[in-house]
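Working notes, structure below.
Reckoned from all heavy atoms, side chains included, excluding hydrogens, waters and symmetry mates.
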Amino acid sequence: MDGLSGLPPASRTTDGLGVRDELAVLIETLGQADPALPNPARRLLDAVGVAVYTTDAAGTLTYYNEAAANLWGWRPAIGDQRWCGSWRILAPEGSLLPHDQCPMAVCLKEARAVRGAWAFAERPDGSRIPFAPFPSPLREADGRLVGAVNVLVDISGLKAAENRLAQSEARFQTAQEISPEGFVVLAPVRDSRGSIVDFRIDYANGAATRLLGLRARRGRESGARLSLVLPMHFTGPGGVLAEYIAVLETGTVSIRERGAGDGQGARSFRSRAVRLDQGVAVSFEDVTARRRVEARARFLAEHDEVTGLLNGSGLRRRLESLQDRDDGTAILLVSLDGHRGSLGRAAAEEAIRVAASRIARRLPHGAVAARIGADDFAILAAGCPPVAVHELSAAILRDLAVPVATPEAPVMLAARVGVAASEGETDPDALMRDAELALAAARQGSGDRLAIFAPAALRGAQSIRQAEADLRLALHERQIEVHYQPIVSTATRTLAGFEALARWRHPSRGFVSPGEFVPLAEETGLITQLGDQVLRQACREAAGWPSHLRVTVNISPTQLREEMLPRLVADALSASGLPARRLELELSEVTFLGDERAAAHALATLRTQGVALALDDFGSGFSSLAQLRSFPVGRVKIDRNLVVGVDTQREGAAIIRAIMRLAADLGLATTAEGVNTQAEFDRLAVEGCAEAQGFLFSPAQPASAIPGMLARFG
């Protein structure tokens, strides 16, 4: 303070405003000059742009130049004894500075030059000018003090720049404090040899304080060592110490993602570190919520949301991982029925959750369970001996036989279990087909049923040989009929087309259920011949319908995986004369559990031919959003289990509404299956479903009934 109470040092860093060598020389020169300056000297001082004035030893004003008058804002009379040009001087904080404490007074009283202070000068008009004074004593040759000369420097520009800088820093500070991203400035901590051994947090904004679990202090300057803040990530090849040393030494930008604890559980953050002067600045983005959403999406990609079990995709991946095992693998397919018709959607879902829980708690070590349909489950057990598989099946049937308590009423679940086991290496497709065939057998009759498909024994059984022979004969003699169920537009209530469905009229047994002969065709390799016959007949008969009607034909997984399918479709269209745009191929969800690459190639070829594609039973089973993006389907057929009760159950309507929005966003048409009441139809129309089919309109009818249906629907 150079003896000046309340005055801080003047700036020594800003060009043109601080103490410079030239100014010091001028002051020293004036300090040795005679008080009675000659006219040339006065003219020189009047010409310079620096304010200069002199006083005698008593402080009486003896001279001031033009620049001083401009700085003061008035022209005091020469001879006025007011120490400093008759103006009021205020300390930087705004308090009035007594005249005997101003720099000029101190210079005269102590007979020394005064440096390094600044103050505000208040002009007569009330304005305040920041200035830095540089008074020096004037002496006679004998050293006697005769007065003083003062050089005044207007530092308004400097103070304005400092204010702008302070405002900028304040805005930066405010922006950092309200920013959702964390921000810290780190200073290196060095040992006695100069090596960086740690970093000290010099500044941390509020977000960083919360994210890193710092103790908030004034100015956010925690002073914490980074080694204590991030002990789990501090050292090692990928630690923050090595990372930030590299940033400081090379100037590179480092972007990483790590975890941290904040007292509320594990969190994830993404950091970006850059060099800042002699330290490192690091910004942190909290990505915890994003990572949790991604983890949830990954979970749902392979798990069922209602039960938490694997879904069809997850089951398929587990199956594929067991292909190289030679200790045997078993699949148990569990199907529930008898509960949907009497329950609302909430109660039905509660029954499914309880059933899933009972199945999961019975799983042996290494086994997994999956929900692969609305009421269907699968259990995959590797290395499980046959006796254990049979015991597991029986235990599951016993557990599921216990009534399930729901908010509406106790529910009895009728369970059927089909079991297939491989004897050596696992073929996923063959094993799944065997299990489906076993489940089809278990579904014959009523009550809880168990059927086990034992490849060696069952394939040699007389009943299987006879069934296969009967099916071959049926295909040879054209016993397979094609029946048609109408598809109705909800907007116009007119026909949009028909779905072709295979029916087997056995000479002695009458009609054989498709649930029995289709799995048999898959197992025996006759499905391609069966599918080709149905496709050709459907195309031939549809060619005679009105040109605005389409025909929908089901395609099995086996057909889709065969390279000849596009050629067979092209041949059927060519032979019948049916335009490709009027043919729609319907794919079951299990189709995509095979070779997805082969399926995608076949579907792309079919779309190139102009054939439309639809995904059946959407909303249950194996379907997923990923499949809608991966495969070029143009329509989704809503599973009948989602349609039941849509007119009375709020949850059902909400699900249908969500499917409608999804389909609209993806540009997909929609058809609801299993519409049995007018109320269901009306509700589906309100929710925006484009088409419907079900017993409300007609069960599947032979081709001879088509004219009547055309007349009925106009």
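Atom CD of residue E122 and atom CG of residue L97 lie 13.0 Å apart, to the nearest 0.5 angstrom. Note that CG of L152 is 12.0 Å distant from CD1 of I129, once rounded to the nearest 0.5 Å. The line from OG of S271 to CD1 of I255 is 8.5 Å long, rounded to the nearest 0.5 Å. Atoms CZ and CD, on R296 and E305 in that order, are 5.0 Å from each other to the nearest 0.5 Å. Distance check: L96 CG to Q101 CD gives 10.0 Å after rounding to the nearest 0.5 Å. Rounded to the nearest 0.5 Å, atoms CE (M432) and CG (L315) are 5.0 Å apart.
Between F199 and V240 there is no side-chain heavy-atom pair separated by less than 4.5 Å. Taking 4.5 Å as the limit, every side-chain heavy atom of I196 sits out of range of all side-chain heavy atoms of V189. Side chains of M104 and V114 form no contact here, defined as non-hydrogen atoms less than 4.5 Å apart. Under the 4.5 Å side-chain criterion, counting only non-hydrogen atoms from C-beta, I379 is not in contact with R362.
Among the candidates N65, V50, D154, the single residue satisfying the side chain to side chain contact (heavy atoms under 4.5 Å, CB included) test with L71 is D154. Tested against N150 for a side chain to side chain contact (heavy atoms under 4.5 Å, CB included), the candidates C102, P133, C107 yield a single pass: P133.
Residues D198 and S227 bring a donor and an acceptor atom of their side chains to less than 3.5 Å of each other.
D202 and R200 are joined by a salt bridge, as a carboxylate oxygen and a charged side-chain nitrogen come within less than 4.0 angstrom of each other.
Checked against side-chain contact (heavy atoms from CB on, under 4.5 Å), A69 has the following partners two or more places apart in sequence or in another chain: Y64, R75.
Across Y244 and V280, no two heavy atoms sit closer than the pair O-CG2, 3.8 Å.
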